[in-house]
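This is a predicted model, so every value here is computed, not measured. Any value given below was found using the heavy atoms of this structure, including those in side chains, with hydrogens, waters and symmetry copies removed. A, B, ... follow the sequence lines: proteins, then strands. Residue 1 opens every chain.
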Number of protein chains: 2
Amino acid sequence: MVKIVDVAREAGTSVATVSRALNDNDRVDPRLAARVRAAAEKLGYRPNHLARSLRRQRSNLWLLIISDIEVAFFTSVARGVEDVAVANGYSVVLCNADEDETKESKYIQLAAAEHAAGVIISPHSTQTQIDRLAADSIPVVVIDRSLAAPVDWVMVDSRGGALAATEHLIRQGWQRPACVTGPRSAETAMLRRLGYEDALRAAGIRTRRVTHRSFHLDGGRAGAASLLDRDRPPDSFFVANAALALGVLQELHARGLRPGRDVGLICFDDAPWAPFIDPPISVVAQPAYRIGTQAATLLVDRIGGTAEGPPRRVVLGTDLILRESSVHP
Amino acid sequence: MVKIVDVAREAGTSVATVSRALNDNDRVDPRLAARVRAAAEKLGYRPNHLARSLRRQRSNLWLLIISDIEVAFFTSVARGVEDVAVANGYSVVLCNADEDETKESKYIQLAAAEHAAGVIISPHSTQTQIDRLAADSIPVVVIDRSLAAPVDWVMVDSRGGALAATEHLIRQGWQRPACVTGPRSAETAMLRRLGYEDALRAAGIRTRRVTHRSFHLDGGRAGAASLLDRDRPPDSFFVANAALALGVLQELHARGLRPGRDVGLICFDDAPWAPFIDPPISVVAQPAYRIGTQAATLLVDRIGGTAEGPPRRVVLGTDLILRESSVHP
DNA sequence: GTGAAAGCGCTAACAC
DNA sequence: GTGTTAGCGCTTTCAC
């Protein structure tokens with residue numbers, strides 16, 4: 001292993017100068033700097049990140065703590081985060097909290113122990129504790145959901161998207177839209193429900209048909225079943241994410257109900273397979289990749305100290321993509 | 001920040017003993033150890049991973065370098081890896097090489113620079129260079145594809161799965177099966193093609209209808225188009241992964257060909273949406289999560305030094321899941 | 001603009 | 001079984 005003293009010897013200078021030259025410190029003679037770079041090149045010098053981080057009391061690692069890695073939305077977010085991180089010389093540790101508070105808090109501890117340069121998190125709940133990070137002055141950017149603490153965040157206009165989707169169902173002619181959404185603890189689940197209710201209110205529909213379930217296929221199936229078993233069952237569904245929608249689809253299929261003919265269906269989250277379902281599914285598309293890049297950019301600014309002061313909040317808009325599942329015959 | 005000396009003072013002992021007690025070294029008096037742990041607890045001591053790693057010349061980070069994070073298969077693998085890693089006190093840095101050799105080699109460099117404890121990689125090609133890791137004696141486990149170098153690996157029986165899938169098509173009564181597979185540089189693409197050809201040979205079918213494309217939706221679409229434009233077009237398709245299958249589906253749809261009626265279709269990789277496509281897609285399912293846990297287990301053994309000696313190879317079997325797309329009317 | 005030297009927090013070799 | 005201490009490789013004062 002070739003280290004900084006070896007480069008110094010080769011370049012005929014001191015370790016201090018090598019360090020400065022290689023870290024683009026300007027207080028070094030351009031010609032000497034060139035000699036240093038040549039020496040480093042020649043010897044194949046690779047800085048030891050561990051030593052640097054120990055000295056600086058900060059690593060070049062980000063922790064990206066997401067609530068469910070198997071949700072395609074988060075995968076795209078991760079991509080966006082990673083692209084920006086790598087471009088800025090950081091590496092991303094992807095942590096899957098699995099909607100589990102214990103796991104989540106372990107990862108927050110880990111961020112502190114590893115002296116992470118920053119953290120991007122989609123918190124389990126608005127009560128998620130990030131004091132440990134604040135205490136070590138590790139910058140945090142929150143995505144997808146908000147947080148009680150005063151931090152930067154990037155969200156999608158869930159309520160607006162849900163409103164647009166439900167309005168669309170009503171305008172199509174569906175009379176009794178229902179809402180299958182996520183757990184009450186998830187802010188997005190609540191916001192999407194609220195958007196749904198906004199639309200009903202605007203249309204003068206009194207009956208709210210709502211069910212809260214876990215954000216999974218099984219939840220969707222059970223939710224649809226419970227709704228359909230009611231006295232005056234819904235004739236259409238606004239579903240709060242793609243996994244839930246798969247479950248709703250399954251239940252509809254089991255009952256011989258075809259979307260776009262017998263019932264209306266639209267869901268939050270576009271997915272690569274949505275156009276191929278029978279029938280193709282109408283969706284509210286979220287700019288997942290951009291959420292990732294935006295969050296990462298905010299984090300870079302905070303770490304660099306470019307951004308001081310109060311939290312910044314970014315809200316990205318959604319797109320309504322209409323396919324056949326929401327058509328009223 | 002409370003450090004090891006603080007704990008030593010509190011417990012009335014030396015830093016060496018604290019280090020030993022906290023790292024479960026047995027050469028320490030149980031009662032003293034208890035006192036140390038109590039002191040650490042009381043002061044809220046958190047070991048500094050950076051310092052530890054610098055001293056040990058090895059961090060507790062794994063790099064998981066996958067070829068495409070948006071492929072659901074790799075997401076499940078990642079989950080498996082992470083679960084085992086965390087259970088063993090490691091953290092996983094997820095790196096998305098994006099089927100790009102340059103990115104891949106940067107991540108391999110990174111593993112060295114960060115003194116990663118180990119690396120799990122789905123290499124871009126069999127020629128991927130991992131010397132840099134061997135040089136730093138960082139253990140490597142290869143997944144999904146093989147590698148020229150002598151390392152541990154975990155794979156799925158691609159050839160066998162492809163054979164079973166194609167045999168199934170033929171047994172259904174399809175006469176002219178085609179194969180839409182990935183790039184020649186991807187070993188899985190080649191193996192799946194070979195399995196397909198094994199089945200044709202066994203059935204006495206002479207004409208091979210094969211196209212190699214990138215493992216993406218667009219590749220599938222273009223591949224299906226080129227095959228269907230031939231003089232004697234295929235009447236059925238064995239497709240080498242789920243993304244490709246979506247593209248094939250798109251092209252079939254555009255031409256008014258319905259799987260399970262006009263053509264036969266089966267693909268590698270199960271996906272949560274496969275049962276909901278019109279018609280539901282028959283697939284060769286891979287045990288993705290288990291591939292992850294297996295690879296991680298091999299890595300843990302290598303790091304711990306439990307496993308010395310020659311490379312170990314794990315080949316996991318596939319499951320044929322039959323739905324409607326492969327039915328011959 | 002450059003160099004000498006301290007020290008980040010920890011582990012492990014060595015001495016007892 | 002326990003303590004003393006060197007040193008992992010780097011950055012960053014401080015002195016010149």
If only atom types and distance count, is the side chain of [X] paired as donor or acceptor with the main-chain N or O of [Y] below 3.5 Å?
X	Y	answer
N48(B)	L50(B)	yes
T297(B)	T293(B)	yes
E187(B)	R145(B)	no

Starting at [atom1] of [X] and ending at [atom2] of [N], how long is that distance when rounded to a whole Å?
X	N	atom1	atom2	result
R27(A)	dC16(D)	CZ	P	18 Å
K3(B)	dG7(C)	NZ	P	11 Å
L54(A)	dT11(D)	CG	C1'	10 Å
Q57(B)	dG9(C)	CD	C1'	14 Å
R58(A)	dC8(C)	CZ	C1'	13 Å
H115(A)	dG9(C)	NE2	C1'	9 Å
R9(B)	dG9(C)	CZ	P	13 Å
N48(B)	dG9(D)	CG	C1'	15 Å

- Once base and sugar-phosphate atoms are separated, protein heavy atoms under 4.0 Å mark nucleotides 11-16 of chain C, 5' to 3', with B, S and - as BBB---
- Message: Under 4.0 Å, counting only non-hydrogen atoms across every strand here, what does L50(B) touch: a base, just sugar-phosphate, or nothing?
- Response: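 The residue L50(B) makes no contact with any strand.
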Side-chain polar contacts of residues 27-36 of chain A - donor-acceptor pairs under 3.5 angstrom, sequence neighbours left out - could you list them?
| residue | atom | partner | partner atom | Å |
| --- | --- | --- | --- | --- |
| D29(A) | OD1 | R31(A) | N | 2.7 |
| D29(A) | OD1 | L32(A) | N | 3.4 |
| R35(A) | NE | A11(A) | O | 3.2 |
| R35(A) | NH2 | A11(A) | O | 3.0 |

- If you fit an axis to the five pairs at each end of the helix from dG1(C)-dC16(D) to dC16(C)-dG1(D), how big is the angle between those two axes, to 10 degrees?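 Both end axes considered, the difference amounts to 30°.
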- Item | Phosphate OP1/OP2 of dG3(D): any T13(B) side-chain N/O under 4.0 Å |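 For T13(B), the contact criterion (side-chain N or O under 4.0 Å from OP1 or OP2 of dG3(D)) is met.
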- Distance test, side-chain N/O of T17(A) to OP1/OP2 of dG3(C), below 4.0 Å: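 It does, given that an N or O in the side chain of T17(A) lies less than 4.0 Å from OP1 or OP2 of dG3(C).
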- Query: Does any non-hydrogen side-chain atom of I121(A) lie less than 4.5 Å from one of I108(A)?
  - Reply: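 Yes, side chains in contact.
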- Heavy-atom closest contact (E82(B) atom, C95(A) atom, distance):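 The answer is OE2-CA, 3.6 Å.
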- Message: Looking at D6(A) and R9(A), is there a salt bridge between them, counting it only when a charged N and a carboxylate O are closer than 4.0 Å?
- Response: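 So R9(A) pairs with D6(A) through a salt bridge.
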- Task: Indicate yes or no: does D152(A) engage R313(A) in a salt bridge with an N to O separation below 4.0 Å.
- Result: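 So D152(A) does not pair with R313(A) through a salt bridge.
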- Message: For the NZ atom on K103(B), are there more than 12 heavy atoms of other groups (residues, nucleotides or ligands in this structure) within a distance under 6.0 Å?
- Response: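 Counting other residues, nucleotides and ligands, NZ of K103(B) exceeds 12 neighbours.
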